[in-house]
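Accompanying notes for the structure given below.
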Amino acid sequence: MKQLSRRQKAISVLLLVLLAGLILCPLISVFTKAVIRDGRLELYRAWKTTVNSENILTVFHSLQLGVCVVLCSTAIAVPTAFLLSRTQLAKHRWTDIVFMIPFMTPPYIASMGWILFMQKRGLFQQLFPATGALSERFFCFGGLVLVMSLHVFPFLMTMLKNAMLNIPASLEESGAVFGAGFGMRLRKILAPLLTGNYAIGALLVFVKTLSEYGTPYTLGRRIGFYVFTTDIHRYSTTSPIDFGRSASLSSILVCICMFMWLLQNHITSRTGYRLIGGKGSRPAQTKLSGPAAVLAWGWIALVLLLAIGVPYFSIVSTSLIKLRGYGLAAGNFTLDHYRELFQTAKAAASVRNSLLLAVSSATICSVIGTAVVVTVRATKGVFRKILEGISLLPEMLPGIVLVIGIMLFWNAVYRVIPLYNTIGIMILAYVVLYLPYTVQYVTSAFTQIGDSLLQAGRTFGGSPFYVFRRITLPMISKGIFAGWMMIFIIAFRELVTASLIAPPNTLVVSTYINREFEQGSVSLGMAMAVLCVLITTTALLVFHCLTDKKKG
């Protein structure tokens with residue numbers, strides 16, 4: 001046992017060093033670059049960059065966008081979650097898959113779809129010529145908020161829906177017995193019980209909005225609305241490159257996100273309720289009348305039309321249009337763009353590169369994440385919290401900040417480890433960004449394993465490795481694969497990392513689409529977008545099939 005304890009300690013220390021090198025060192029590099037210029041500590045210069053009027057405007061824009069997206073997402077998510085959890089619409093399980101499609105759709109592709117639909121002589125004006133230039137009013141701050149909200153609201157909706165399903169019907173029935181009407185029960189019972197879950201979901205939406213690059217780059221840049229991510233990207237890629245300024249903005253972004261995490265923890269600690277106990281309970285359900293049911297389905301149809309119908313109609317139709325000048329005219333549709341896509345070497349190479357990055361990063365994350373969870377559960381005390389905290393840290397930080405840190409750190413150690421400017425640095429960046437997915441899924445799977453099973457294996461003489469291989473691993477395998485699948489889906493269409501640290505002449509699906517869009521080959525870019533969506537949606541369906549079997 002003494003030898004085994006030493007082996008566990010060695011593995012724990014090795015994992016801690018590995019995570020520190022992958023996550024903490026790049027993050028420290030960002031803060032270091034912000035205050036150290038040319039080998040000298042220059043706090044005044046960092047402060048001057050921070051309080052620059054242009055940067056203050058960027059900070060204000062980012063916070064304004066984050067707050068407005070949270071409010072708009074709330075307006076969409078709350079009624080949708082209520083209808084899909086506490087009315088007769090809850091029995092339609094297909095909605096669980098359909099409402100995840102906006103999340104699975106790359107945001108830059110969705111925003112391109114909206115641009116093509118609403119722009120001058122766009123698809124909307126072709127379908128409804130009598131409206132004139134009405135659609136062009138979409139290109140404003142409100143349009144940007146709407147597009148970003150339609151991408152992130154599924155996070156908030158899913159969280160609120162699950163929370164509503166856990167609220168026992170007895171609570172509302174008690175309120176009704178004492179004379180509380182429907183509105184009062186919503187205010188006095190339902191709303192307080194959902195405060196903690198809403199705080200978590202709203203924070204997630206806020207942080208994702210601040211760290212989103214694709215939509216602000218495609219749509220925000222068109223209306224002249226610049227935020228953290230677009231400025232950080234511009235300072236890091238456009239001559240004259242200024243990593244110090246980029247690091248200063250990244251540091252501000254990290255501080256804002258960490259403050260929001262602390263605020264969310266404070267709110268949830270004060271408003272948390274334990275609603276699931278030993279006794280069985282049933283969720284409350286409101287029976288909608290005929291007209292109310294029609295309105296409910298109308299709301300669901302409207303949300304799906306805006307979140308899925310408009311962008312997908314634009315993407316698919318544009319990929320089939322022969323000559324853009326003729327638009328949606330009879331005889332102006334062709335499959336030539338898809339044929340060209342499969343015959344072009346760069347297009348094929350971009351798909352292969354995306355598959356390589358997605359499969360490699362998902363596999364590495366699965367190995368490291370599983371090792372972290374197993375080690376965390378085998379250890380106790382402060383060391384356990386440190387190891388788990390570092391592994392989940394990328395989830396709390398904007399992705400572009402970690403990517404900037406990876407660029408700075410691995411460029412500094414290039415002479416020792418020549419990984420920078422290779423495909424390997426992209427795999428490493430994806431591993432850093434998506435490691436929390438594996439940790440969370442495997443941790444969730446571990447909660448279903450009773451300690452008695454593991455103790456029985458040890459009692460009958462099984463070594464720790466044998467117990468892990470024959471008992472633990474088979475029982476957490478579905479959680480590992482679920483995490484692998486989610487990482488594959490997200491990594492396959494990732495944009496900001498690929499646009500920042502991809503080696504020269506190395507294209508992936510996202511950068512290929514963006515390049516074709518900028519060069520005017522919109523139909524070819526949209527054909528690649530359709531292929532990307534087909535691959536990720538297929539992976540999503542496979543994921544749901546596996547999770548349904550797991551529940552069964």
Side-chain angles (χ1 to χ4, degrees), residues 68-69 72 75-76 80 98-99 101-102 105-151 153 214-225 294-295 297-341 513-534 537:
C68 291
V69 169
C72 186
I76 300 172
T80 307
V98 172
F99 274 100
I101 292 178
T105 305
Y108 59 92
I109 292 179
S111 62
M112 287 177 183
W114 275 98
I115 290 172
L116 293 170
F117 190 76
M118 305 299 282
Q119 68 184 358
K120 186 177 182 179
R121 292 190 293 273
L123 299 177
F124 183 86
Q125 291 185 9
Q126 295 176 41
L127 291 171
F128 309 101
T131 59
L134 178 64
S135 64
E136 296 173 42
R137 298 179 184 177
F138 168 80
F139 295 97
C140 61
F141 177 72
L144 177 62
V145 170
L146 176 63
V147 172
M148 297 194 73
S149 300
L150 291 172
H151 172 66
F153 87 90
T215 304
Y217 176 75
T218 53
L219 182 55
R221 188 178 60 166
R222 186 184 179 103
I223 64 175
F225 192 87
V294 171
L295 290 176
W297 279 115
W299 170 261
I300 298 296
L302 176 62
V303 173
L304 293 179
L305 174 66
L306 295 177
I308 302 174
V310 170
Y312 274 75
F313 172 76
S314 299
I315 294 167
V316 175
S317 60
T318 303
S319 71
L320 296 172
I321 290 177
K322 185 184 300 184
L323 297 173
R324 292 185 62 204
Y326 289 94
L328 299 173
N332 194 36
F333 296 97
T334 180
L335 293 174
D336 289 345
H337 303 300
Y338 290 92
R339 296 191 188 98
E340 182 180 353
L341 192 66
I513 294 171
N514 194 49
R515 189 194 67 168
E516 296 300 322
F517 197 77
E518 290 184 340
Q519 292 180 353
S521 302
V522 177
S523 295
L524 187 61
M526 291 297 100
M528 177 63 84
V530 172
L531 180 62
C532 174
V533 169
L534 285 175
T537 303

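Here the closest non-hydrogen pair linking Val533 and Pro106 is CG2-CD, 4.4 Å. Met112 and Ile513 get closest at one heavy-atom pair: SD-CG2, 4.1 Å. Of all heavy-atom pairs between Thr218 and Ile115, the closest is O-CD1, 3.6 Å. Heavy atoms only, all atoms of each residue included: Phe153 and Ala307 are closest at CE2-CB, 4.1 Å. Taking all atoms of both residues into account, the shortest heavy-atom contact from Leu328 to Ile321 is CD2-CD1, 4.2 Å. Residues Phe139 and Arg222 come closest through the heavy atom pair CE2-NE, 3.3 Å.
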Apply side-chain contact (heavy atoms from CB on, under 4.5 Å) to residues Phe99 and Val303 and explain how you reach the verdict. CA-CA 9 Å; Phe99 274 100; Val303 173; 3.7 Å; yes
Might you work through the side-chain contact (heavy atoms from CB on, under 4.5 Å) test for Thr131 and Phe124, ending with a clear yes or no? CA-CA 9 Å; Thr131 59; Phe124 183 86; 3.4 Å; yes
side-chain contact (heavy atoms from CB on, under 4.5 Å) between Val530 and Tyr312: does it pass, once the steps are laid out? CA-CA 9 Å; Val530 172; Tyr312 274 75; over 6 Å; no
Residue pair Leu123, Thr318: steps toward the side-chain contact (heavy atoms from CB on, under 4.5 Å) verdict: CA-CA 9 Å; Leu123 299 177; Thr318 303; 4.2 Å; yes
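Here Leu304 contributes atom CG and Ile101 contributes atom CD1; the two are 8.5 Å apart, rounded to the nearest 0.5 Å. Atom CD1 of Ile315 is separated from atom OG of Ser523 by 12.5 Å, given to the nearest 0.5 angstrom. Here Leu341 contributes atom CG and Leu531 contributes atom CG; the two are 6.0 Å apart, rounded to the nearest 0.5 Å. With rounding to the nearest 0.5 Å, the separation of CG in Leu146 from CZ in Phe141 is 11.5 Å. Taken to the nearest 0.5 Å, the CD atom of Glu340 stands 8.5 Å off from the CG atom of Asp336. Gln126 contributes atom CD, which lies 8.5 Å from atom OG of Ser317 (distance to the nearest 0.5 angstrom).
Side chains of Ser111 and Tyr217: a donor-acceptor N/O pair is absent below 3.5 angstrom, by distance only. Checked by atom type, the side-chain pair Trp299/Thr80 shows a donor-acceptor distance below 3.5 Å.
Taking 4.5 Å as the limit, every side-chain heavy atom of Tyr108 sits out of range of all side-chain heavy atoms of Asn514. Residues Leu320 and Met526 form no side-chain contact, since every pair of their non-hydrogen atoms from C-beta on lies 4.5 Å or further apart.
By the 6.0 Å contact criterion, CZ on Arg121 is open, its count of non-hydrogen atoms from other residues, nucleotides or ligands being 12 or less.
For His151 (side chain) and Pro102 (main-chain N/O), a donor-acceptor pair under 3.5 Å exists by modelled atom type. Between the Glu516 side chain and the Leu524 main chain, no donor and acceptor come within less than 3.5 Å of each other. Not one N or O on the side chain of Ser319 forms a donor-acceptor pair closer than 3.5 Å with the backbone of Ala527.
A perpendicular orientation is assigned to the rings of Phe117 and Trp114, their planes being inclined by more than 60° (bins at 30° and 60°).
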